[in-house]
Colleague: 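Just passing along the structure, written as structure tokens.
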Amino acid sequence: MCGIIGATSSRSVGKILIKGLHAMEYRGYDSAGVALNQDSEVFRLRSLGKVSSLEELMINNKPKAKSGIAHTRWATHGAPSEENAHPHGSHNEIYIVHNGIIENHDEIREKLKEKGYKIASETDSELIAHLIHLNKTDSSSTLEALIKTTTELKGAFSIAAISSEEKGKIYAAKQKSPLLIGKGIEENFVASDPLAIANITEKFYLLEDGDFAEITKNDIKIFNSNGEPVQREETKIDATPTSTSKGNYTHFMEKEIYEQPDALGNTINGRLGENDVLDNIFGLGSSDAFKKVKRIQFVACGTSLHAAKTARKWFEEICEVPCYIDFASEYRYRNPIVEDHTLFVTISQSGETADTLAALEYARAEKYVGIVTICNVPTSTMAREADWKIFTNAGPEIGVASTKAFTTQLAALMMLALSIAKSQDKNADKRKQATQELRETPALVDQAFSLKENISQITQNISTKHNALFLGRGMYFSIAQEGALKLKEISYIHAEAYPAGELKHGPLALVDEEIPVIALAPEDSLVEKLLSNLEEVKARGGTLYVFGNANSTIEVKKGKFINMPDCGDYNAPIIYTIPLQILAYEVACLRGTDLDQPRNLAKSVTVE
Ligand code: F6R
């Protein structure tokens, strides 16, 4: 999604801004732009498409400004175009970049038109620049005009602004959309993503909702909405260049797939004892609080939702508590009935997904036992809003398609199930087995990588198809859903997942000689049932690609059977995810898609 960077320095900032935009490319965007406070005017460049096109324009123009703002835009209001790209300006004086959505834009547009403002783009963002300009006429400063402007805005926003009259100064405002200040030596920064400035500073101030900032190269002033100075704690964020570069890999997604043994190690390390999880790994008081939990409400989006759906069985089996699972975008609109002793759990890689955050906010007012967040970004809003939390410690995930975030979320969810069961003194034998299996997971993931050669034998065929069907039963239906999501989002092949038993209730009509059917067949209590479902596919001439145990009795004549490493009942869902990630990655490579930044998608979805 959109990315903001601003810099004010004693050196020229063009390169810093472009580098920052490059670092945020992973978030997904369609256009980019920069506004520099140069000479007496603001110099603006915008371009449709990649940051490299903007970079070329910068090289041709060689601007020398020492302060400025820049942006990558992911279209929400108005098509991707140069006119709609940020920064947006008003009267060659005020320039802004904006992340988020202004819900009352129609009303503001009408007001501005009545006052004679000419609106050049279709965006809601441009209106902010004009409103600041308008409010400046009866304000004593740009800061005051910015504060007045935000009182008129409904929705979520983070804003960085400059004025042609105030060289070297950047203004910022935050409401329900991430924004932080970076502190350097004789230079300071504002950014919506710490990765944008990670290579120039480690010191950050995380702005809170309702905060404003005024930044020069030597000074950072933060204010509340009354314009009164407030202090925010200095935070160290270590996003080292190695974790944000591709290294020897072709794509970030490939690197992140192969990082999973380390990532999983980082999720579980220091959190497991001999036969159980350690106490309070979700924060002080969590083990005590979990004693009361009688049911769990999970809320998440996309891949993170698949993690909840997969993990449900662990909670039902090890903690003996029922689980409710909702799409974050749907949860609050169904007016959920909250029973006593229900724990609310959000799962999010970024910790900034707008739908999940809105659900969390809704849950805050309900009578939940408390809110747990499973998240990969310790500085995220979700991490700050939750009562208890666990960080997956997977390291930055840059590829838009989630890989290591998913498997580490599963490990964290297993630890949540173990923590609750331990607090309630339930199923010590199952806890012991699950703890041991969790410990073996990184090594098993490593073994699963050796399947790559086998997978390469089936990808050529799949890459030529328009559709694919994924089947599984029990928890493996959710893993199949995750496999289908991976394939469709990066290869653009239409892929559906079904519980194998549902096949005969409709989707079997799709099975012909063309459609590849990918089935997950671990030797669990449901494998016999799955076998007969696969016979239904064979009888229709379908091509089967089955992932299963070495001692499986499943025979595949048309297609391929791929032997999985020998894993346990508890860690198998994590291990069965790996070949599906490799499959999607290899197919997308064969189809030549921009798989780290697939079309129309964004990494951190900060709009509803
Ligand atoms: C798919 C994917 C998305 C995210 C979803 C939630 O590969 O990455 O479906 O899982 O947008 O994002 P987070 O986990 O950051 O809340």
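All residue numbers in this chain count up from 1 along the given sequence. Counting starts at 1 for both ligands and their atoms, following the listed order.
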Colleague: Parallel, tilted or perpendicular, judged at 30° and 60°: which one describes the rings of His98 and Phe157?
Modeller: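 The arrangement is tilted - the two ring planes meet at 30° to 60°.
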Colleague: Can you run down the salt bridge (charged side-chain N to carboxylate O under 4.0 Å, His left out) pairs that involve residues 372-384, sequence neighbours left out, and say none if there aren't any?
Modeller: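 Applying salt bridge (charged side-chain N to carboxylate O under 4.0 Å, His left out) to every pair that reaches into residues 372-384, excluding sequence neighbours, yields nothing.
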Colleague: Can you tell me which residues line ligand 1 if we count any heavy atom under 4.0 angstrom from one of its atoms, in chain and number order?
Modeller: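 For ligand 1, the residues that come within the 4.0 Å heavy-atom cutoff are Cys301, Gly302, Thr303, Ser304, Ser348, Gln349, Ser350, Thr353, Val400, Ala401, Ser402, Leu485, Lys486, Glu489.
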Colleague: With under 30° as parallel and over 60° as perpendicular, where do the rings of Tyr368 and Tyr331 fit, or are they tilted in between?
Modeller: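 It falls in the tilted class, 30° to 60°.
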Colleague: Tell me, which pairs form a side-chain hydrogen bond (donor to acceptor under 3.5 Å, both in side chains) where one or both residues lie in residues 587-596, sequence neighbours left out?
Modeller: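 The answer is Lys50-Asp594.
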Colleague: Does one side chain, of Glu352 or Thr381, offer a donor that lies under 3.5 Å from an acceptor on the other?
Modeller: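 There is such a pair (donor and acceptor under 3.5 Å, judged by atom type) between the side chains of Glu352 and Thr381.
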Colleague: Using the salt bridge (Lys or Arg N to Asp or Glu O under 4.0 Å) criterion, which residues pair with Arg271? Sequence neighbours excluded.
Modeller: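 With neighbours one apart ignored, the set is empty.
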